[in-house]
Amino acid sequence: MAQLTMVQALNLALAELMRDDPDVLVLGEDVGVDGGVFRVTDGLYQEFGDQRVIDTPLAEAAIVGAAIGLCVRGFRPVCEMQFDGFSFPAFHHIEGHVRRLRNRTRGRFTCPMVVRMPYGGGIRAIEHHSEAPEATYAHLAGLKVVIPSGPRNARALLRTAVLDPDPVIFFEPKASYRAFREEVPDDPETLPIGKGVVARAGRDATIISYGATLRAALEAAEELYDEYHIDAEVLDLLSVAPLDAELIHESVRKTGRVVVAHEAPRHCGVGAEIVARIVEESLLFLEAPVARVTGFDTIIPFFVNEKAYLPDAARIVRATVETLAF
Amino acid sequence: MAQLTMVQALNLALAELMRDDPDVLVLGEDVGVDGGVFRVTDGLYQEFGDQRVIDTPLAEAAIVGAAIGLCVRGFRPVCEMQFDGFSFPAFHHIEGHVRRLRNRTRGRFTCPMVVRMPYGGGIRAIEHHSEAPEATYAHLAGLKVVIPSGPRNARALLRTAVLDPDPVIFFEPKASYRAFREEVPDDPETLPIGKGVVARAGRDATIISYGATLRAALEAAEELYDEYHIDAEVLDLLSVAPLDAELIHESVRKTGRVVVAHEAPRHCGVGAEIVARIVEESLLFLEAPVARVTGFDTIIPFFVNEKAYLPDAARIVRATVETLAF
Amino acid sequence: MRVWADPPQKKGNRVPRENIPLPCRVESLSVLSADGVLDKDLEPKLPEADLKRLYRTMLASRMLDQRCLMLQRQGRLGTYGPCRGQEATPLGVAYCLREEDWFVPTYRELPAYLWRGWPMEKHLYWWGGSELGSATPDGINDLPLCVPIGTQCQHAMGIAWGCKLRGDNTICACFVGDGGTSQGDFHEAMNFATVYHVPLVMVIQNNHWAISLPRHKQSASQTLAQKALAYGIDGIQVDGNDILAVIAATSEAVEKARTGGGPTVIEAITYRLMMHTTADDPKKYRTAEEVAEWEKRDPLPRFAGYLRQKGILDDDTEAAFKDEINAEIEHAVEIYENTQHDPFDMFRYMYAEMTPELQRQMAELKRHLETPLPAPSPREQAGDVV
Amino acid sequence: MRVWADPPQKKGNRVPRENIPLPCRVESLSVLSADGVLDKDLEPKLPEADLKRLYRTMLASRMLDQRCLMLQRQGRLGTYGPCRGQEATPLGVAYCLREEDWFVPTYRELPAYLWRGWPMEKHLYWWGGSELGSATPDGINDLPLCVPIGTQCQHAMGIAWGCKLRGDNTICACFVGDGGTSQGDFHEAMNFATVYHVPLVMVIQNNHWAISLPRHKQSASQTLAQKALAYGIDGIQVDGNDILAVIAATSEAVEKARTGGGPTVIEAITYRLMMHTTADDPKKYRTAEEVAEWEKRDPLPRFAGYLRQKGILDDDTEAAFKDEINAEIEHAVEIYENTQHDPFDMFRYMYAEMTPELQRQMAELKRHLETPLPAPSPREQAGDVV
Ligand SMILES: Cc1ncc(C[n+]2csc(CCOP(=O)(O)OP(=O)(O)O)c2C)c(N)n1
Ligand SMILES: Cc1ncc(C[n+]2csc(CCOP(=O)(O)OP(=O)(O)O)c2C)c(N)n1
Ligand SMILES: [Mg+2]
Ligand SMILES: [Mg+2]
């Protein structure tokens, strides 16, 4: 067991996967010699060489486009988009081909690739470096969209993602990259994609979250317990496509009160889908409106005002207390 | 007054706008000499010349990218994406700049452009020609997303869109392009963006829809009335960003039963947002789960199987009857 | 500090500079001219059997294409995009590939598909609106028809890169239109291809039109072949209606790719004789004279003339070919029209394993299609129900 | 019908082809060499006042850049991307523009901004995380710093096109990095620019690195200037650390653009002397020797030497400049650090008129920030409340 940050845990997962399977390739901007701007691919170039850890020219569409061809030739490419804001030049390949190739060819060709990207705000970055576009990808049928929340699940989920026979968009909450360490077991682990977990059990309300916001949710739950005697259950979704509806229903049916928290904008965000699912199958258990504590429908502010945008424990606490008072 | 198809009505709107304002430009693939593959820009090249109606090389990112620059120079470009499936090469410009320029420059530069595109299925097309990506754009703060349902509102909304000081994504339901005609008044009209209308008044249930699906909703309402004695109210949203929440709440509070119908995939679609809004402010009026009658979370099938994918009157009827029986 | 005035400028005369000589160039190649004149020096020496097979394939493509137009008019096919007049380039290129090589088309390469063994019904399925048409048959290393212009260049580059990494001696050939060269994807793919020195043959089918946009409005460059110079490699222009020239140029490019020489850009000059698709009316943007001029350069009679001159083709063979092909086409149409399509397939190929939500949605559709609507309600009057 | 065999190939010797002569070429230009040798023939004859102002601006940029690095280290600025060593190119280009011309940067063109009248605090705001830094001052026709690599080429092309359509005699200059040339946006923008023959000067700042990727891995072409050939126009390479060469080349390109001659591609050879940004550690990918080599070609001392030789600059002037600039920087830092930022601005600039939903969200945030959390609940024990 080692105490690792998320960056280290992801790095470990990649190294393990590359050792296991020579068809796993890593490609992206500055992922090789430099080890990635966040150091997630640190040391891989040295261990696996420039045929498997590939510094590409500056073109995201070509990175993903090439990966499609590499998949056709039987490889398992892991593409890095340097920042969430820079995956969009590749969007037409992801929308138009990555998620469709299996269906188009009735299974003859598939895209077992992973597109990794640092994700979300909270690192005092400039414009285009703090976005949370998970709903944009979750809406695209054919993809799986995974968002770990800590070092241990990050490492396990990345392993599952790379082994998955279908394309996975893998969002790495950059605010959690080095924020804390966790015990990570020596042997590789996997976690199923599409399954969330109860991050904190509780009886009075359900706070549904994922990614970096999970920490705020847990903090809020502590405060709710200590200050307001509210025993909140916190769900960590881990995947937003597929969504673990079962887990959500189970908790909601127990608590009847729900707060959804994510940093992405609200309109047509993942929070809306969660509410719609609850209404579809658990409406009668709902004792209050579902509160959405989210980023606003604005451009996330450059960093001096970023704090006001990102959902924090205080906003979650308020929403939960109000939901209980409804 | 003239009886026009939607294509003719849109063509009329463009001609009127270009006559009114020399800064309105039309650009896109085959929009000039050819008059557009759907003939929406027919005759404009002849009337306004090649400096205002511009046949571009084949590059959607450049069309939108150029339009950004043209906006900076004070023009009002109307870009055509030849099909819904081909707007995505321009996605990084729309996401990264079009919707952000006003905010980035604190209003010094703005993007009063319209990006028009034929939208949705039902015309026996090949892959990439039948998608409904409205949620993808609606999720992007800074855009307005408009979807007319008939010739008259199409013409009025396109006028508002072009006159709007901010960028508008304008989806033209291609199944409705020539499906029916409507009286269109001689003088230009506008309709406010962000406001829906009651397309059919009713008391028992609310069917919320837009675009080509609206016709199925209205058909369903007739059948519900005739066969099931259910008097359904049908809302035509016309915009999916901003959403006319007021209209929705008003109707839901009256009927207590809701069916949302759209052809886009369900997961994180506009339907989810509608449900979330209803829950936020009208939960206590809800007497049954909100049914979502939508495209499935698949690739819309090539056309031999397309009918099974697209929501039709029968699916809406079933959902409404079941919602009432809940 | 801020003082604006025109900086002094030497009007008119340019500051003298040094020329930078580049090691790459643009060349052109033609073997069999439109009026049948053969450049014997350049003529590739092909086995008679191959020549015959090539001709038969070209003819089959022409006839199937024609038949598709008819089926479309009869409402038995969807919108159709014909390839008449452009047969020589895809066929010549396909001829230069080995079976295990990779082929990435745009959507006008029917003859290449036929050469590489796709059953004719696949073509009908695709334009007839079924994914069966884009399910590449097992054992054939081709990507299916797919229309997002330019994107295929990237996939082909990735495949070629994969060929290099696999070290299995295979290469990849890719097609793109004159219109497609304007897309960023073309540029990025060629940049990666040259940086990684992958075995890619990029064939630009310059058929003079991208729907209604003429070639000269697509790019201000004199040739499309010279796009290659941006990547530090040679470009070559060939007469794309001259199958011998296509084969001469492609076989060199393939050989170069296979032996580690990296990518090549070939611009094949050809012409779309028909409409863009059956939804298009070319009279809106081009003259009958222009089309007539290109009819004269039709690759099919040109190739036939060459073969007849060589004594490889005669009326009997031609007639026999036609009969056989007609029978093949009939057979394919029959298969096509008698195929049942299962709408539930839309759920089955989204993932290796169907997700719970997709299972739920599939069940929802099943229930809807298999259960009649609820019986009309007995309620007396609309409006009284709630 | 399907018989696979290798088609016969002439191994080794190429089929002879005809060369296609192209009317475009790639050239290079340098005026003042790194060791101070001046090519008198090429020397642009600039007014003394301009030369002085240029030097003062270059110095101001250098000093502000330096100061920003310090502020960053002190935690008073966010991640910072320095431009040390690259001052000559943006400054030389800006010098050739008129006030009403348009300027589209990437993010390393500080000296151009200073020349064009941006107050220094704008630079601090931007790297300090405030939109005030990207709000172009009224009356200045520049786009703000913005990082999605390559996209600015399209915007600049659109602006230049707008200049042409307006017919107001303005032009647009745009910057892109060596890395940026790999993006499809660069290609598409140059294609549109040449097709519409717009007044655009596209300056590639080849500073040898795109973060950790060296220039030779970015593109297989010998020069980046030759990208121009793909669009049928000339390319030119200049010594980008030689402000005189930059001015000579740019003023011609600007003149050409303004007089209807269409776009130009200029590759300016320069070097990023510092880290990519303060988040970057260049020791991971390049040697100290390489950097030292380029230190010798630093544009600032080179320009100073030229001016001193001409008697335009002496120690006193230099010292006076430094004092003035230091005061300006202090003033800017003071403004920067004393500015209050209003988080509610995030709602105010999304649309000309705030949407109802945004009003609701703004009210929600206001309520949250202005109302204390509800008092701790009186409920006895967690779990008993519902
Ligand atoms: C990305 C994208 N944009 C637009 C279209 C619509 N479209 C289909 S074919 C075509 C013209 C293609 O021209 P070219 O590349 O020259 O190929 P050709 O049709 O001449 O074979 C266009 C604009 C598309 N399929 N994909
Ligand atoms: C579309 C996009 N992808 C990735 C990045 C991350 N990134 C920022 S700068 C940079 C390298 C740019 O290199 P170059 O164009 O040579 O400019 P330089 O930094 O050398 O001035 C990268 C990859 C980005 N800003 N935009
Ligand atoms: Mg073409
Ligand atoms: Mg660089």
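So you know, we letter chains A, B, ... as the sequences are listed, proteins then strands, and number each from 1.
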Can you tell me if NZ on K256(D) sees more than 12 non-hydrogen neighbours from other groups inside 6.0 Å?
yes

Please flag which part of T181(C) lies under 4.5 Å from any non-hydrogen atom of chain D: side chain, backbone, both or neither.
backbone

Taking side chain as everything from C-beta outward and backbone as N, CA, C, O, which of these in Q237(C) sits under 4.5 Å from a heavy atom of chain D? Side chain, backbone, both or neither.
side chain

For E324(C), I'd like to know if atom CD has over 12 heavy atoms of other residues, nucleotides or ligands within 6.0 Å.
yes

Most heavy-atom pairs under 4.5 Å with chain C, out of I233(D), L224(D), I236(D), D39(D), belong to I236(D)

Partner residues of D142(D) under the salt bridge (Lys or Arg N to Asp or Glu O under 4.0 Å) criterion, sequence neighbours left out
R116(D)

Over all heavy atoms of both residues, which pair between S219(C) and A230(D) is shortest? Give the atoms and the distance, please.
OG-O, 4.2 Å

Atom pair CD/CD of Q226(D) and Q226(C) - distance to nearest 0.5 Å
12.0 Å

If you take all heavy atoms of G232(C) and S221(D), which pair is closest and at what distance?
N-CB, 3.8 Å

How close do S182(D) and E188(C) get, heavy atom to heavy atom, and via which atoms?
O-CG, 3.3 Å

Given a strict heavy-atom distance threshold of 4.5 Å, which part of N19(C) is in contact with chain D: side chain, backbone, both, or neither?
both

Look up atom NZ in K217(D) and atom OH in Y196(C), then write down how far apart they are to the nearest 0.5 Å.
8.0 Å

Aromatic ring pairing F186(D)/H187(C), orientation class (parallel under 30°, perpendicular over 60°, tilted between)
tilted

Find the distance between CZ (R25(C)) and CG (L22(D)) and round it off to the nearest 0.5 Å.
12.5 Å

Any donor and acceptor pair, going by atom type alone, linking the side chain of D185(C) with main-chain N or O of G184(D) inside 3.5 Å?
no

For the residue pair S28(D) and I20(C), what are the closest heavy atoms and their distance?
CB-CD1, 3.8 Å

Is there a side-chain contact between V26(D) and L229(C) in this structure, where contact means two heavy atoms from C-beta onward sitting under 4.5 Å apart?
no

